[in-house]
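In what follows, a single structure is set out as C-alpha cells and then discussed.
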Amino acid sequence: MADSTDMFGHEPETPDAPPHEAAPSAAELEAAGQGAMFGDPAPVAKPAPVAPQPVPAPAAKPAPAAAPAQPYRVLARKYRPQTFSALIGQEAMVQTLANAIRRDRLAHAFLMTGVRGVGKTSTARLIAKALNCIGPDGQGGPTIDPCGQCEPCQAIAEGRHIDVIEMDAASHTGVDDVREIIEAVRYAAVSARYKIYIIDEVHMLSRNAFNALLKTLEEPPAHVKFLFATTEVDKLPVTVLSRCQRFDLRRIPTALLADHFGHVCKAEGVEAEAEALAMVAAAAEGSARDGLSILDQAISHADLAGSGDGSVITVSAAQVQDMLGLADKTLQRRLFAAMLKGDGAALLAEVAHQYSLGIEPVAMLRAQLDLVHKVTVTQISGPEGEARSAEEAAALQGWAGDLAPGQLHRLWQLLLKGHDEVKTAPDPLVAAQMALLRVLHAADMPDPGGLVRKLEEMLAQGPALAASMAAQPTSDGAPAAAMPSAPATGIAMDWQALVEQVEEVSPLTGATMRLSVRLIELRMGTLRYQLAPGLPGDPTPDIKKALQNITGQAWLVERLDGEAAQGAQPSLVEAKAALEAEAEAAMRADPLVRAALEAFPGAEILDESNPATAERRPWSPARSRQA
C-alpha cells in the first residue's frame, strides 16, 4: 500500500525516488482529474530525468525510409474535373452558373441530367465548392473559379466536409432516409456558407420519399442547397422537376474527347497515335468516364505488348483495334468495294478473313453501315470531318460520285435489316454472310417507284409503238415487227425514261432536261440537243454528270445551235403541251361541244380526272355519290 501524503500534500521521500523531484503543475493536476472522471485513455506521463551518458562516437546516418507506395488510381478518378474550366463539353451550363453566381441569383435546387460519364456528380461537387469557397485569404465569396486551396475546397474535394452531405439514392430509397434530411435542414451549417445535399441517382427514390421531400424542396432554408443528379430524368415526378433548375449535360463530341485524351496521355507520359485516340473517343459514345476507362485499358494493353524495358509506352491504332475487336478501316473498305462490284467470292473471302482476325459479325455490319453513312454525308458536305486519312477521303469521294442517293438509302435499309438479323441469329457468321450477299444481289435492282413508272409507261406506249413499227416496212419490204429487236435510238419513250432516271438522281437537272432539252440525237453514250430559249446558262456539264451516274458510262453531250440543230424534236414538256392543245382543239371542234359552249357563254371545260381542278368543280360524280 502506498504511503500517504503529509499535511502539506507532499509525498514522503523514498530511497528509490530521485532527489529534488519537481511538483506537478496545475495543468497536469487538471488533466489527471479529467482522466479520473472521464477515463482518459492516454494520460500524459511526466518524463523522468535522464542521467548524463557518455557521448558515443559519431556514426553514419541511416538512409531515410522510402515513402509508402500509393495505390494506383484509375484515370477516370485521377482526372476527375476539379474546376469548371476542366469540365469539357458543357460550356452553356458553366456560363449559366457563372452569371447566376455573379448576379447572386442562385437557385435553391439544381438538377443535372444526361448519360453516364458526362460530369453530373462532378458538376454537383464543383457547385458545392463554388458556393462555399472562401479563397486562399479566407475572405472570398461564391465564385465560378474556386481556389482549391482553402479548407472548404480541400474538404469537399476529399469528401470529408461536414456540411456537404452526399447520398446515393440507389441505396437510400425510403421515407426514413428523406426524413433524416428534413430534420437536418433546420440547423445551420457548421463551418460552411451553405449546407449542401448531393443526391446521386435521385430517380431511385420511392414515390413516398419524393412526396415527403416536396415541401422542403420547394421552400428550404436560405442556408440549404439541393443538388440532384440522374441519368433517367423521365422517371422523376413533374412536381420535383418544377422545383429545380435543370441542366441537361450533353454528350461530349468525339473530337473534343480525342483532344482531351491526348492531354491525359501527355500528362501520363504515354505516346498515343491520333487514330488510336479517335477510336477510343468513338467507342466512348460521348462519355468521358467510359473513354478514360477504355484509354486506361489501352495503356495497359500497350504496356503488356511492349518490351518491358522501361521505354515510353506507345498506344497504337492496331492495338486499340485488336483490344476493342474493331474492323480495320482498310478491311472495311475492301468489303464494301467487293459488295458494290457484285463479287460474291471476294465478299465471302473478306468476311472469312475478318472473322479469323477476331472481328465479330455484328461489328462487320456496323462498320458497313458507318461507311454508307459517311459516303452519304460526303455527297452533301464533302469528306472533311468524315475521313481520318487521305486514303479514306479519296475512297469516300469516289463512292460519293459513283453512287446515287437512292442507291445509298437502299444500301442503308438492307444493311440495317441485316444488322438486326445478325444480332438475333443462332449463327451470327452465317447470318452476316447471307445479309451481305442479299445486299450484293440487290445493289443493281431499280427502286420500286421507278420500276412501277417504267411498267406503266410500257403498258401505255407499248401498243402504239408496236403499231408504228409494224406500219413501217424495212428496206427489203418485210414488216418491221418481224425484225429482231435492236437497241432504240432517238425513240421518245426511251428519252422520257432516261429523263425520269436523271430526276431521281438530280431533280434540278432532270427538270431542265424535261423542260428545255430538244433532242437531236440519242444513243448509248451520245446525246446531242438544242436548248429551248429562255433558260440561262449551259446545263451540258450537269446533264453529262447525271447521265454518267445513272448509266456508269462516259457520255458525249453536245449542245448544238443554228443550222446544226435543224430537225430537233420538241422537249418533253413542249410535246405534251402540243398533244394537249391538239386534243382540246379536236374536242372543241366536236358539234355537240361547240353547241354547248354557244348555249352557255363563259362555260369552261374541266378535266374530271385532274385533282388540281377539284376545288373548281361545282359538281362531280364523286360528290354526287357522297351526297
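Since we're looking at a predicted model, the values are computed, not measured.
Applying the salt bridge (Lys or Arg N to Asp or Glu O under 4.0 Å) test to pairs two or more places apart or on separate chains, those with a residue in residues 278-300 are Arg116-Glu285, Arg116-Asp290.
Atoms NZ and CG, from Lys120 and Leu249 in turn, are 7.5 Å apart once rounded to the nearest 0.5 Å. One distance of note links CG of Leu205 with CD of Glu201; it measures 10.5 Å at 0.5 Å rounding.
By the 30° and 60° cut-offs, the orientation of the rings of Trp412 relative to His373 is tilted.
Salt bridge Arg438/Glu421: present, at least one basic N to carboxylate O contact under 4.0 Å. A salt bridge is defined here as a Lys NZ or Arg NE, NH1 or NH2 lying under 4.0 Å from an Asp or Glu carboxylate O, and Asp370 with Lys374 meets this definition.
Between the side chains of Asp248 and Thr113, at least one donor N or O sits under 3.5 Å from an acceptor N or O.
Across Ala128 and Ile156, no two heavy atoms sit closer than the pair O-CD1, 3.7 Å.
Between the side chain of Arg193 and the backbone N or O of Cys133, at least one donor-acceptor pair lies under 3.5 Å.
Taking 4.5 Å as the limit, every side-chain heavy atom of Thr376 sits out of range of all side-chain heavy atoms of Pro405. Side-chain contact between Lys225 and Leu131 is present, with at least one heavy-atom pair separated by less than 4.5 Å.
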Fill in: Intermediate values then yes/no, salt bridge (Lys or Arg N to Asp or Glu O under 4.0 Å), Arg73 and Glu268
CA-CA 12 Å; Arg73 296 179 66 194; Glu268 290 290 314; over 6 Å; no
